[in-house]
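Single-structure report; data block below.
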Amino acid sequence: MTAPILIIDDDPTFNAILIRTLGRRQQSAVGAHSSEEALQLAQQHQPSRIVLDLNLAGVSGLSLIPQLLDINPQARIVVLTGYGSIATAVEAIKRGATQYLAKPVEIEAILSAFDDAELSASDSTPDEPLSVDRLEWEHIQRVLKENDGNVSATARALKMHRRTLQRKLAKHPVRA
């Protein structure tokens with residue numbers, strides 16, 4: 001019997017829906033809502049396929065990638081996020097993720113992401129240049145990452161009022 005797919009997402013509704021949807025496709029899955037629970041289930045089930053939310057109750061899911069790969073180096077990890085940015089996508093891949101997908105995402109895209117060896121050039125290169133708003137979003141995300149998620153330090157680095165930055169961060173990113 002193959003190991004179940006490990007779903008790591010702090011949103012219990014999303015987690016349950018994804019597990020149920022995978023079950024309808026004859027894919028066994030187990031769900032974790034925290035880093036600790038994820039590592040425990042990874043040890044127990046040795047999953048070869050993992051779906052990991054980028055934001056786990058305010059903690060970056062990126063920090064889990066190396067730990068999950070220590071448990072099973074052959075695991076294929078698909079990172080999901082509601083707020084995709086180039087900086088976090090690059091960081092996820094550097095840490096060992098197989099694929100990086102923005103929510104909302106179809107179950108077929110998740111399953112095919114496990115099979116894709118790597119992104120094709122057409123998947124990773126936009127047809128049109130990024131908009132100014134999207135470039136701003138990408139820059140903010142890069143500086144936020146450089147400051148380890150510290151909003152006050154990021155605001156100072158961007159020479160922006162902290163509340164202005166918080167408003168920008170609360171908005172969904174502009175599509176390319």
Side-chain angles (χ1 to χ4, degrees), residues 1-119 137 140-142 144-154 166 169-173:
M1 187 171 132
T2 61
I5 297 172
L6 176 56
I7 310 299
I8 307 168
D9 196 302
D10 61 339
D11 178 348
T13 304
F14 180 80
N15 203 316
I17 289 171
L18 192 50
I19 290 170
R20 190 172 45 249
T21 304
L22 286 165
R24 287 191 202 122
R25 287 174 172 70
Q26 281 65 51
Q27 301 284 330
S28 160
V30 294
H33 300 102
S34 68
S35 302
E36 298 79 20
E37 188 180 7
L39 293 171
Q40 181 182 17
L41 287 173
Q43 286 284 358
Q44 181 181 348
H45 294 285
Q46 296 290 312
S48 59
R49 298 179 294 170
I50 300 168
V51 177
L52 173 62
D53 188 25
L54 182 65
N55 184 2
L56 295 171
V59 176
S60 174
L62 294 178
S63 63
L64 265 182
I65 295 173
Q67 296 172 65
L68 292 166
L69 290 173
D70 283 345
I71 293 169
N72 183 357
Q74 278 70 47
R76 298 185 62 80
I77 301 173
V78 174
V79 175
L80 297 184
T81 181
Y83 303 100
S85 77
I86 292 171
T88 54
V90 169
E91 186 64 25
I93 301 303
K94 279 183 182 176
R95 291 183 184 217
T98 303
Q99 188 67 274
Y100 181 94
L101 302 172
K103 293 178 184 175
V105 63
E106 298 290 324
I107 192 70
E108 290 80 17
I110 294 171
L111 292 172
S112 67
F114 287 125
D115 298 329
D116 292 344
E118 45 186 82
L119 287 171
W137 172 261
I140 289 171
Q141 292 301 313
R142 183 178 54 77
L144 185 63
K145 182 184 163 303
E146 289 171 359
N147 286 287
D148 298 322
N150 184 316
V151 175
S152 295
T154 301
Q166 286 175 314
L169 291 170
K171 292 181 184 179
H172 288 287

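Given the structure is predicted, the values throughout are model-derived calculations rather than measurements.
Looking at Asn15, its side chain never comes within 3.5 Å of a backbone N or O of Asp10 through a donor-acceptor pair. Not a single donor-acceptor pair under 3.5 Å links the side chain of Arg76 to the backbone N or O of Thr98.
For residues 52-72, the set of pairs meeting the side chain to side chain donor-acceptor pair (under 3.5 Å) definition, not counting sequence neighbours, comprises Asp53-Lys103.
Side chains of Thr154 and Leu169 form no contact here, defined as non-hydrogen atoms less than 4.5 Å apart. Using a 4.5 Å heavy-atom cutoff, the side chains of Ile5 and Ile19 are not in contact. By the 4.5 Å heavy-atom criterion applied to side chains, Val79 and Thr88 are not counted as neighbours.
Environment of CD in Gln40: sparse, with no more than 12 heavy atoms of neighbouring residues, nucleotides or ligands closer than 6.0 Å.
Rounding to the nearest 0.5 Å gives a distance of 5.5 Å between CG of Leu6 and CD1 of Ile50. Rounding to the nearest 0.5 angstrom, the gap separating the CD1 atom in Ile8 from the OG atom in Ser35 is 8.0 Å. Separating the CZ atom in Arg20 from the CD1 atom in Ile107 is a distance of 11.5 Å, to the nearest 0.5 Å. A distance of 11.5 Å separates CD of Gln27 from OG1 of Thr21, quoted to the nearest 0.5 Å. Taking OH from Tyr100 and OG1 from Thr81, the interatomic distance works out to 4.5 Å, rounded to the nearest 0.5 Å. To the nearest 0.5 angstrom, Leu101 atom CG is 12.0 Å from Leu54 atom CG.
When all heavy atoms of His45 and Ala3 are compared, the closest pair comes out as O-CB, 3.3 Å. Scanning all heavy atoms of the two residues, the minimum distance from Leu41 to Ala32 falls at CD1-CB, 3.9 Å. The nearest pair of heavy atoms linking Ala42 to Leu68 is CB-CD2, 3.8 Å. Residue Leu64 comes nearest to Ala38 through the heavy atom pair CD1-CB, 4.2 Å, listed as atom of the first residue, atom of the second, then distance. Counting all heavy atoms, side chain and backbone alike, Val78 lies closest to Ile110 at CG2-O, 4.4 Å. When all heavy atoms are compared, the tightest approach of Arg95 to Leu69 is O-CD1, 3.6 Å.
Residues passing the salt bridge (Lys or Arg N to Asp or Glu O under 4.0 Å) test with Glu106, sequence neighbours excluded: none. With sequence neighbours excluded, no residue forms a salt bridge (Lys or Arg N to Asp or Glu O under 4.0 Å) with Arg24.
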Verdict with supporting geometry, Asp9 and Leu18, side chain to side chain contact (heavy atoms under 4.5 Å, CB included): CA-CA 10 Å; Asp9 196 302; Leu18 192 50; over 6 Å; no
Side chain to side chain contact (heavy atoms under 4.5 Å, CB included) between Leu22 and Leu111, worked out: CA-CA 9 Å; Leu22 286 165; Leu111 292 172; 3.8 Å; yes
